[in-house]
Amino acid sequence: MEIILKEDIANLGYKNDIVNVKSGYGRNYLIPTGKAVIASPSAKKVLAEELKQRAHKLEKIKKDAEAVAAKLEGVSLTIATKVSSTGTIFGSVGNIQIAEALAKLGHEIDRKIIVVKDAVKEVGSYKAIVKLHKEVSVEVPFEVVAE
């Protein structure tokens with residue numbers, strides 16, 4: 001089933017992308033929640049016209065994302081957490097803690113666009129990816145230390 005996404009959906013696509021999904025996923029979840037519409041020929045024409053008109057705005061959004069990426073390029077974080085005697089963390093370090101650490105440095109980044117690949121449950125050095133735009137992402141190294 002071909003659909004047009006109305007918002008960014010992780011592991012599926014970005015807003016205004018035309019993607020193929022299983023019909024149950026599209027009819028039972030994406031369309032009723034307003035996250036997508038069926039990609040009929042008329043909907044595709046409307047989308048093409050809308051994208052043509054929004055090309056200038058999209059270019060500005062991409063430039064803004066690149067500017068934020070340039071600011072984040074040299075940033076390195078240190079996150080202090082409570083650690084047991086064996087070196088394991090009580091809980092884990094995720095995107096919320098990374099967003100808070102970036103906010104302390106003056107970078108207001110939404111936690112939803114920060115991706116930490118592996119579960120951070122031990123002291124050490126890791127990397128997080130900040131997806132600012134579908135074509136712009138930055139790796140932010142961070143180190144977890146004992147509090």
Side-chain angles (χ1 to χ4, degrees), residues 1-82 88-145:
M1 165 181 221
E2 242 185 1
I3 58 169
I4 300 171
L5 297 177
K6 290 295 175 191
E7 61 184 60
D8 295 350
I9 299 175
N11 299 327
L12 184 60
Y14 295 96
K15 183 177 179 179
N16 295 328
D17 283 353
I18 298 174
V19 295
N20 284 318
V21 295
K22 292 189 176 186
S23 59
Y25 183 50
R27 285 198 181 104
N28 296 329
Y29 176 68
L30 294 174
I31 294 171
T33 57
K35 296 177 186 281
V37 295
I38 295 174
S40 63
S42 62
K44 288 180 183 179
K45 287 180 185 176
V46 170
L47 175 66
E49 184 62 32
E50 186 180 307
L51 288 177
K52 205 175 358 174
Q53 292 176 358
R54 291 187 47 208
H56 181 67
K57 287 183 183 177
L58 294 174
E59 187 63 34
K60 184 184 180 308
I61 291 170
K62 184 177 177 186
K63 284 184 181 178
D64 291 344
E66 288 173 347
V68 172
K71 289 179 186 176
L72 289 176
E73 199 64 43
V75 173
S76 180
L77 302 174
T78 302
I79 299 173
T81 60
K82 292 184 180 181
T88 58
I89 298 172
F90 293 117
S92 65
V93 174
N95 56 357
I96 296 171
Q97 291 84 0
I98 295 169
E100 290 171 354
L102 286 170
K104 287 179 185 175
L105 296 176
H107 303 288
E108 290 297 325
I109 304 294
D110 185 18
R111 67 180 178 87
K112 295 175 186 170
I113 63 172
I114 299 172
V115 177
V116 182
K117 289 187 178 182
D118 299 323
V120 179
K121 294 187 179 266
E122 295 181 355
V123 174
S125 297
Y126 301 93
K127 289 187 180 183
I129 298 173
V130 180
K131 295 183 177 182
L132 298 164
H133 185 267
K134 65 181 175 181
E135 298 172 4
V136 181
S137 62
V138 178
E139 271 194 359
V140 177
F142 66 97
E143 186 174 355
V144 179
V145 295

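Note that this is a predicted model, so its numbers are computed, not measured. All residue numbers in this chain count up from 1 along the given sequence.
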Could you check Ile38 against Met1 for side chain to side chain contact (heavy atoms under 4.5 Å, CB included), going step by step and ending with a plain yes or no?
CA-CA 8 Å; Ile38 295 174; Met1 165 181 221; 3.9 Å; yes
How far apart are the C-alpha atoms of Tyr29 and Val21, what are their side-chain angles, what is the distance that settles it, and do they pass the side chain to side chain contact (heavy atoms under 4.5 Å, CB included) test?
CA-CA 11 Å; Tyr29 176 68; Val21 295; over 6 Å; no
Passes side chain to side chain contact (heavy atoms under 4.5 Å, CB included), Val130 versus Val68? Steps please.
CA-CA 10 Å; Val130 180; Val68 172; over 6 Å; no
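In this structure, Gly26 and Pro32 approach most closely via the heavy-atom pair O-CD, 3.9 Å. Contact between Phe142 and Val144 at its shortest, heavy atoms only, is CE1-CG2, 3.9 Å. Taking both residues in full, the closest heavy atoms of Val75 and Pro141 are given as O-CD, 3.5 Å, listed atom of the first, atom of the second, then distance. When all heavy atoms are compared, the tightest approach of Ile129 to Glu139 is CG1-CG, 4.0 Å. Considering every non-hydrogen atom in both Tyr25 and Ile9, the closest pair reads OH-CG2, 4.3 Å.
Remark: Leu58 CG to Lys60 NZ distance equals 11.5 Å, nearest 0.5 Å. Annotation: the span from Ile3 atom CD1 to Leu12 atom CG amounts to 6.0 Å, rounded to 0.5 Å. Note that NZ of Lys35 and NZ of Lys6 are 14.0 Å apart. Values are rounded to the nearest 0.5 Å. Rounding to the nearest 0.5 Å gives a distance of 11.5 Å between NZ of Lys134 and NZ of Lys15. Note that the CG atom of Leu5 and the CG atom of Leu30 stand 7.0 Å from one another [nearest 0.5 Å]. The line from OG1 of Thr81 to CD1 of Ile79 is 8.5 Å long, rounded to the nearest 0.5 Å.
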Counting only pairs under 3.5 Å, give me each side-chain donor-acceptor contact of residues 95-122, with atom names and distances, residues two or more places apart or in other chains.
unit_1	atom_1	unit_2	atom_2	d
Asn95	ND2	Arg111	O	3.0
Gln97	OE1	Gly94	N	2.8

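Salt bridge absent: Lys62 and Glu59 never bring a charged side-chain N and a carboxylate O closer than 4.0 Å.
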